[in-house]
There are 2 protein chains.
Amino acid sequence: MAEVSAERGRATRERLLRAAVSLIGEVGWSGVSTRMVAQRAGVNAGVVHYHFASVSDLLVAAGVGFARELLEQTGAELASRPSVADGIDWLLRELSRYSGTDPASLLLAEMFLAAGREPGLRAELGALVDGFRSRVAGWLREHGQGARAEQSAVVIAALIDGLVLHRALDPALDPATLAGPLRAMLGVPPEGGQR
Amino acid sequence: MAEVSAERGRATRERLLRAAVSLIGEVGWSGVSTRMVAQRAGVNAGVVHYHFASVSDLLVAAGVGFARELLEQTGAELASRPSVADGIDWLLRELSRYSGTDPASLLLAEMFLAAGREPGLRAELGALVDGFRSRVAGWLREHGQGARAEQSAVVIAALIDGLVLHRALDPALDPATLAGPLRAMLGVPPEGGQR
DNA sequence: ATTTGTCTTGGGCGTTCGACCAAATAGTAG
DNA sequence: CTACTATTTGGTCGAACGCCCAAGACAAAT
C-alpha cells in the first residue's frame with residue numbers, strides 16, 4: 001500500500017481539524033468556509049472535501065475533539081484535588097484564564113449553539129458534558145457531599161459556561177471572587193484551603 | 001406632515017424588528033439575511049435598508065430591545081418576591097419554561113456570541129446584564145444577604161445563562177431540582193421556605 | 001392641482017459560498 | 001519498467017449574499 005501517502009493524508013487531516021478549531025472561535029461556527037480553513041491549513045481548497053464529506057462534518061469532528069480533550073483534562077484535574085475547597089479555588093482560578101473572548105471560550109459557546117441545529121453534534125457534546133457532570137458529582141461524593149452531589153455538579157457545570165459567557169460582556173468580572181457563595185453552597189467552611 | 005405614512009412606516013419597522021428577533025433564534029445571528037427578514041415581515045427586501053443602515057444594525061436593535069424587555073421583566077418579578085427562598089423557587093420554575101432550544105433561549109445565547117464581534121452590542125448588552133445583577137444584589141441585601149450579595153448575584157446571573165445552555169444539550173435537566181444547593185449558597189433553610 | 005416628503009418597489013452590482021470534477025502528482029507493488 | 005492507489009491541484013458551477021439605486025406610490029401641505 002501507499003504508506004507514506006496515507007501518513008501524509010493523516011497529517012493533512014489533522015491540520016484541517018486544527019485550522020477549523022481556531023477558526024470557529026474567530027469567525028463563528030457558520031462563518032467558517034471551505035477556502036478559509038484550507039488556507040489556514042496550507043492546503044488547496046478542494047482537499048477539504050476529500051477528507052470530509054462536508055464542511056459541517058469537519059466542524060463537528062473538530063469541535064468534538066477539542067471539547068473532549070478540554071473536558072477530560074479539566075475533570076481529571078478537578079477530581080484529583082484533595083478537598084472540595086481546594087477544587088473550587090482551583091476551578092475558579094482556572095476560569096480566570098478564559099476571558100470569554102478568547103478562541104477557546106468562543107469555540108465552546110459556538111458549539112452549544114450549533115448543537116441545537118446539528119443533532120449529531122448535540123448527542124456527542126451532550127455525552128461529554130454528562131460525563132463531566134458525573135465526574136464532578138463523584139468527586140463531591142468522595143468528600144462527603146453525598147446529599148446533593150448530583151445537583152451541585154449540575155450547578156457547577158452550568159456555572160462554568162455561564163461565567164465564561166458573562167465574562168465576555170464584562171472582563172472585570174473575576175471568578176476568583178465567587179469562592180464565598182460556592183463554598184457556602186457546598187457546605188465548606190469559608191476559610192478552607194486558602195484566602 | 002405625512003402622518004399616516006409615518007405611522008405605517010413605524011409599523012413596518014416594528015414588523016422588521018419582530019421578524020429579526022424570531023429569525024435570530026431560528027437560524028443564528030449571522031444566518032439572518034436581508035431577504036429572509038423581509039419575507040417574514042411581509043415586505044420587500046429593499047425596505048430593510050431603508051429603515052436600517054445595515055443588517056447588523058437591524059439585528060443589534062432587535063436583540064437589544066428583546067433582551068431589555070426580558071431582563072427588566074425578570075428582574076422586577078424577582079425583586080418583588082417576599083423572601084429569598086420564594087425568589088429562588090420562582091426563578092427556577094421560570095427557567096423550566098425555557099427549554100434551551102426555544103427561540104428566546106437561542107436568541108440570548110446568540111447575542112452573547114455576537115457581542116464579542118460587535119462592540120456596540122457588547123456595550124449595550126453588558127449594561128443590561130449589569131443592571132440585572134445590581135437589581136438581584138439589591139434584592140438579596142434587602143433580605144439580609146448583605147455579606148455576599150454582589151457575588152451571589154453574579155453567580156445567579158451566570159447560572160441562569162449556563163443552565164439555559166446546558167438544557168439545550170440535556171432537556172431532561174430540570175432546574176427546579178437545583179433549589180437545594182442554591183438555598184445553601186444563600187443561607188436559606190433547606191425546606192421551610194421563609195427565613 | 002401641484003408640490004413635498006415619506007415610504008415602497010423591483011432590479012442589479014460585485015462577491016462569496018459549498019460542492020464537484022478532471023487532471024496532475026507521488027509513492028508502492030509486481 | 002508498468003500498473004495501481006492515495007492524495008492534491010486548479011478550476012467551474014449555480015445559488016445566495018449585502019448593499020445600492022432609480023423610479024413609483026401615496027398622504028399631507030400648499
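All values below were derived from every heavy atom in this structure, side-chain atoms included, with hydrogens, water molecules and symmetry-related copies excluded.
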Those residues that, when tested against Ser30(B), pass side-chain hydrogen bond (donor to acceptor under 3.5 Å, both in side chains) (two or more places apart): Ser30(A)

With distance as the sole criterion, is a donor-acceptor pair present between the side chains of Ser54(B) and Ser56(B) under 3.5 Å? no

Could you tell me which non-hydrogen atom of Leu163(A) sits nearest to which non-hydrogen atom of Val154(B), and how far apart they are? CD2-CG1, 4.2 Å

What is the separation between atom CZ on Arg10(B) and atom P on dC7(C), rounded to the nearest whole Å? 8 Å

Where is the tightest heavy-atom contact between Gln151(A) and Thr177(B), given as atom of each residue plus distance? CG-O, 3.2 Å

Using a 4.0 Å cut-off on heavy atoms, which residues in residues 113-121 of chain B reach DNA chain C? List them by number, or say none. none

Return no unless some side-chain N or O of Thr12(A) is found under 4.0 Å from OP1 or OP2 of dT8(D). yes

Under the salt bridge (charged side-chain N to carboxylate O under 4.0 Å, His left out) definition, can you give me all pairs with a residue in residues 20-46 of chain A, not counting sequence neighbours? Glu26(A)-Arg40(A)

Strictly by ring-ring contact (aromatic ring centres under 6.0 Å, His included), give each pair with a member in residues 72-111 of chain B just once, sequence neighbours left out. none

Of all heavy-atom pairs between Pro175(B) and Ser96(B), which one has the smallest distance, and what is that distance? CD-OG, 3.7 Å

If you measure from CG on Leu91(B) to CG on Leu178(B), what distance do you get to the nearest 0.5 Å? 10.5 Å

DNA chain D-proximal residues of residues 35-48 of chain A, any heavy atom under 4.0 Å: Arg35(A), Val43(A), Asn44(A), Gly46(A), Val47(A)

Measure all distances between protein nitrogen or oxygen atoms and nitrogen or oxygen atoms of nucleotides 23-25 of chain D, and list the pairs falling under 3.5 Å.
none

Below 4.0 angstrom, which residues in residues 49-66 of chain A have at least one non-hydrogen atom near DNA chain D? Tyr50(A), His51(A)

Enumerate the residue pairs fulfilling salt bridge (charged side-chain N to carboxylate O under 4.0 Å, His left out) with a member in residues 61-83 of chain B, sequence neighbours excluded, ordered by first and then second residue. Glu77(B)-Arg81(B)

Got a sec, which residues hit salt bridge (Lys or Arg N to Asp or Glu O under 4.0 Å) with Arg141(A), two or more places apart in sequence or on another chain? Glu150(A)

Where at least one partner belongs to residues 100-121 of chain B, residue pairs that pass salt bridge (charged side-chain N to carboxylate O under 4.0 Å, His left out), sequence neighbours excluded: Glu110(A)-Arg117(B), Arg117(A)-Glu110(B)

Among residues at least two apart in sequence or on other chains, which ones pass ring pair (Phe, Tyr, Trp, His ring centres under 6.0 Å) with His143(A)? Trp139(A)

Arg133(A): salt bridge (Lys or Arg N to Asp or Glu O under 4.0 Å) partners, not counting sequence neighbours: Asp130(A), Asp170(B)

